[in-house]
Amino acid sequence: MNLCEKFGYVGYNVYFCRLLYILYVMSELTPRKNPFFESYNTPHDAAPFDRIRLEDFEEAFMEGIRRDDEQIEKIINNPAKPTFDNTIINVDDEKDNYYDLLSRVSTVFFNLLSAETNDEMDALAQKLSPILTKHANDIRLNERLFERIKYVHRHHRRLTAEEKTLLDNCYDGFVRSGALLDAEGKARLRSLTEEASMLGLQFSQNLLKEQKAYSLHITDEAQLEGLPQTAIDAAAQTAGERGMDGWVFTLDSPSYSPFMTYSSQRELRREMYMAHNTLCIHDNGENNLEVCKRLVNLRREIAQLLGFKTYADYVLKRRMAGNVRSVYKLLNDLVDAYKPTAEKERKEIENLRIFNLQSSILEPWDLSYYSHKLQVKKFNIDSEMLRPYFQLDKVIGGVFGLATKLYGITFRENADIPVYHPDVKAYEVFDKDGSFLAVFYADFHPRKGKQGGAWMTEYRGQWMERKDVHQPFSLENCRNVRPHVSVVMNLTKPTADKPALLTLGEVETFLHEFGHSLHGMFANTRFESLSGTNVLWDFVELPSQFMENFAVEKEFLRTFAFHYQTGEPLPDELIDRIVKSRNFMAATACLRQVSLGLLDMAYYTQKDEFTADIMAFEKEAWKKAILGRQRTDTCMTVQFSHIMAGGYAAGYYSYKWAEVLDADAFSVFKREGIFNPATAQRFRDCILSKGGTEPPMTLYKRFKGSEPTIDALLKRNGIKRQTTKA
């Protein structure tokens, strides 16, 4: 192939090709600048994904660390008396293009590590992890720096509420990172945190490799019995993409879930279930059993080194729940309230199975299959009936339209904003007064280098930047730097002859992550570390779970749910069935979440070295919330990313904690009107825009006027409180 052909210029004359060659050679010889070292020169200063190469990351990380160290030296060598401005702001939140390098490269690298990784990035992450952990420790354990922070904390005067919160968080963050330890303790803490960082990364990489390595290849069409055409088409497309004939099913949710729900082939359901639930327990390099055990022990030892009995005690000191007792009270109250109904739900499924197969043994790979049959029997509805009405493009319009209806904001796709994969869409978001509000990225579909699940993240947070750093902070002397937020999901992909058609559950997932993104987009605080989703961990799920409530509201569904072929709206009769079936298996789903919360707490309330067998320990830890016989050859812990590598260690209860809040908050909207702009504005002003500037309960009571109760959640789920006779 000649050079013209290489670049697609077939048919051009030889002189043009020679000129092209000269320009090509000159471009290769011209020194290339690392895009992280200069202004991005993109719309809204968005990350220049189209210019970033793998080799840019390490160079930028190392230079960012050097600049950080330079900044710290300036702070600790400042002869002036320590003040909030010359110490706390410089340590935490004063943005400077020169010193902001490490933050810029870190957000891009670690977001891509979850959304678009490869073997080279994984290897680089392993190389960088101990370096970055050491750097963080060098800052948090710097005695001279802490002395200045401690001085400001003791002698501060006339701070605003937000400045006081930042100061308290900064001081407490240093203390919780070992600033008060002696030299021996600090050395030990360094060792523990560096090892924990590496193991958390190893856990995630092992899980991704195991998950992506498995596939079920079917060549006999008879084995597709029961599967909806959407699942069959998607499997055929996956097979084609891999150069295989027939149909390929994977452990990605859009493939796995329909197979477990609809396939009549019990042995194949068993194979898929066992593949999913034995990830990372095989005798290979991706086994996570010892990784998990070591992570639990590392976190316990870190907490005890810092003066706490358990890691849960350490974590919960900075949570709304406050202590272990409060968490267990919530979880136990939910078990008591929901278990009687969950037992009835399971009995119905068992009876249906007995009726169909004359067998009383309900295996876990039967649960989705028969619960679906029961749902159809009771409500004449299933997710496949709804798929034709949930075309992704229309769902996007519906979700954006909901935000417009509630808050007056609008979205406009901008193809000039670089993205990291063709699946990703980038939008400009504008406030109701027409001003720019945020950049919003949406990454919808599963692929090889992408973790499973769904999450929201940021490529840039929100903060107030002083125009003149030598002048005091004021609204006149600042620029409101707007955030760049992203939602990453694994929704059903389009096929050759159909657009992406979602299930109702996937619509709820979209709404959930979109709720997180609104929390980020509406951020309006002075300091980035207090903006958006930077709130106490058991408060962060309120905005996301709140948005899920709209998924079954008729007024919302009527705005976007139209048949992708005929354009007919989702029939009212079908919407009524959706509403009537919303609590189907709700108690069982609640117990599932509670069981995971119990498992999490069991690991992180350990006071002594954890030496138990992981698989046996797991079964005992959550048995109070488990219905039916447990299998001894499966394991959740080794793939429980939330508590092992995702920041939810001793915090998984947060989902149920926030569910109490979201049900209570949505009851206000139900009372005042689900699209009531005044109610929505109050929710935005009191909660979404405030970030972590004030205690969460203070913000919540400002919105509602009182503290939340569990009553709204029980009512929403159709659960009656169990009364005890005197």
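Below, each value reflects all heavy atoms present in this structure, side chains not excepted, and no hydrogens, waters or symmetry copies. Given the structure is predicted, the values throughout are model-derived calculations rather than measurements.
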Verify, without hydrogens or angle tests, whether [X] (side chain) and [Y] (backbone) share a donor-acceptor contact under 3.5 angstrom.
X    : Y    : result
D538 : W657 : no
N297 : R294 : no
S255 : L251 : no
R242 : V248 : no
E528 : G461 : yes
Q304 : K309 : yes
S654 : G651 : yes

Under 3.5 Å, is there a donor-acceptor pair linking the side chains of [X] and [Y]?
X    : Y    : answer
T637 : E618 : yes
H445 : D423 : no
S544 : E513 : no
D245 : T219 : no
H519 : T533 : no
Y214 : E271 : yes
K448 : N118 : no
D313 : T310 : yes
N490 : D252 : no
T457 : N111 : yes
E541 : H512 : yes
E210 : N284 : yes
W622 : Q630 : yes

How far apart are the closest heavy atoms of [X] and [Y], and which atoms are they?
X    : Y    : answer
V324 : A312 : CG2-CB, 3.8 Å
M320 : L536 : N-CD1, 3.8 Å
K619 : C635 : NZ-CA, 4.4 Å
I218 : Q223 : CG2-OE1, 3.8 Å
L298 : L192 : CD2-CD2, 3.6 Å
E458 : G520 : OE2-CA, 4.0 Å

Between R447 and E116, is the closest basic N to carboxylate O distance under 4.0 Å? yes
Are E609 and R300 within salt-bridge range, i.e. N to O under 4.0 Å? no
Pairwise distance [atom1]([X]) to [atom2]([Y]) - rounded to 0.5 angstrom:
X    : Y    : atom1 : atom2 : result
I302 : L189 : CD1   : CG    : 6.0 Å
S106 : L132 : OG    : CG    : 6.0 Å
R592 : L627 : CZ    : CG    : 11.5 Å
K293 : I614 : NZ    : CD1   : 6.0 Å
D600 : L331 : CG    : CG    : 9.0 Å
R140 : S177 : CZ    : OG    : 5.0 Å

Residue set satisfying side chain to side chain donor-acceptor pair (under 3.5 Å) with Y338, at least two apart, ordered chain then number -> N717
Validation row, ring centre [X] to ring centre [Y] under 6.0 Å:
X    : Y    : result
Y369 : Y262 : no
Y459 : H484 : no
Y603 : Y311 : no
F57  : F36  : yes
Y653 : Y328 : no

If you count the non-hydrogen atoms of other residues, nucleotides and ligands that lie under 6.0 Å from NZ in K425, is the total more than 12? no
Are side-chain heavy atoms of [X] and [Y] found at a separation under 4.5 Å?
X    : Y    : answer
V638 : L279 : no
P35  : D56  : yes
Y652 : Q593 : yes
W365 : M272 : no
R460 : R104 : no
Q545 : Y655 : yes
F249 : S263 : no
I396 : F510 : yes

Go through it in stages, so that I can follow the logic: the residues are W455 and Q451, the test is side-chain contact (heavy atoms from CB on, under 4.5 Å), and I'd like the CA-CA distance, side-chain angles, deciding distance and then a yes or no. CA-CA 10 Å; W455 61 94; Q451 295 280 359; 3.8 Å; yes
Does R269 make a cation-pi contact with F259, if we ask for NZ or CZ under 6.0 Å from the ring centre and within 45° of the axis? no
For the residue pair R299 and Y604, would you count it as a cation-pi contact if the rule is NZ or CZ under 6.0 angstrom from the ring centre and within 45 degrees of the ring axis? no
Any pair counted as side-chain hydrogen bond (donor to acceptor under 3.5 Å, both in side chains), so long as it reaches residues 122-133, sequence neighbours left out: E58-K127, T117-D122, Q126-Q205, S129-S197, T133-S197
Pairs touching residues 499-511 that satisfy side-chain hydrogen bond (donor to acceptor under 3.5 Å, both in side chains), sequence neighbours left out: T492-E506
Parallel, tilted or perpendicular: which describes the rings of F440 and Y427, with under 30° parallel and over 60° perpendicular? tilted
Kindly determine whether T588 and E345 satisfy side chain to side chain donor-acceptor pair (under 3.5 Å), including the steps that lead there. CA-CA 7 Å; T588 299; E345 292 172 348; 2.5 Å; yes
What's the verdict on side chain to side chain donor-acceptor pair (under 3.5 Å) for S486 and D443, showing C-alpha distance, side-chain angles and the deciding distance? CA-CA 8 Å; S486 173; D443 183 354; over 6 Å; no
With side chain to side chain donor-acceptor pair (under 3.5 Å) as the test, would you mind laying out the steps for Q639 and N277 before giving the verdict? CA-CA 8 Å; Q639 56 179 292; N277 289 276; 4.8 Å; no
Audit row: D138, R190, salt bridge (charged side-chain N to carboxylate O under 4.0 Å, His left out) steps and yes/no: CA-CA 9 Å; D138 286 345; R190 284 179 179 274; 2.6 Å; yes
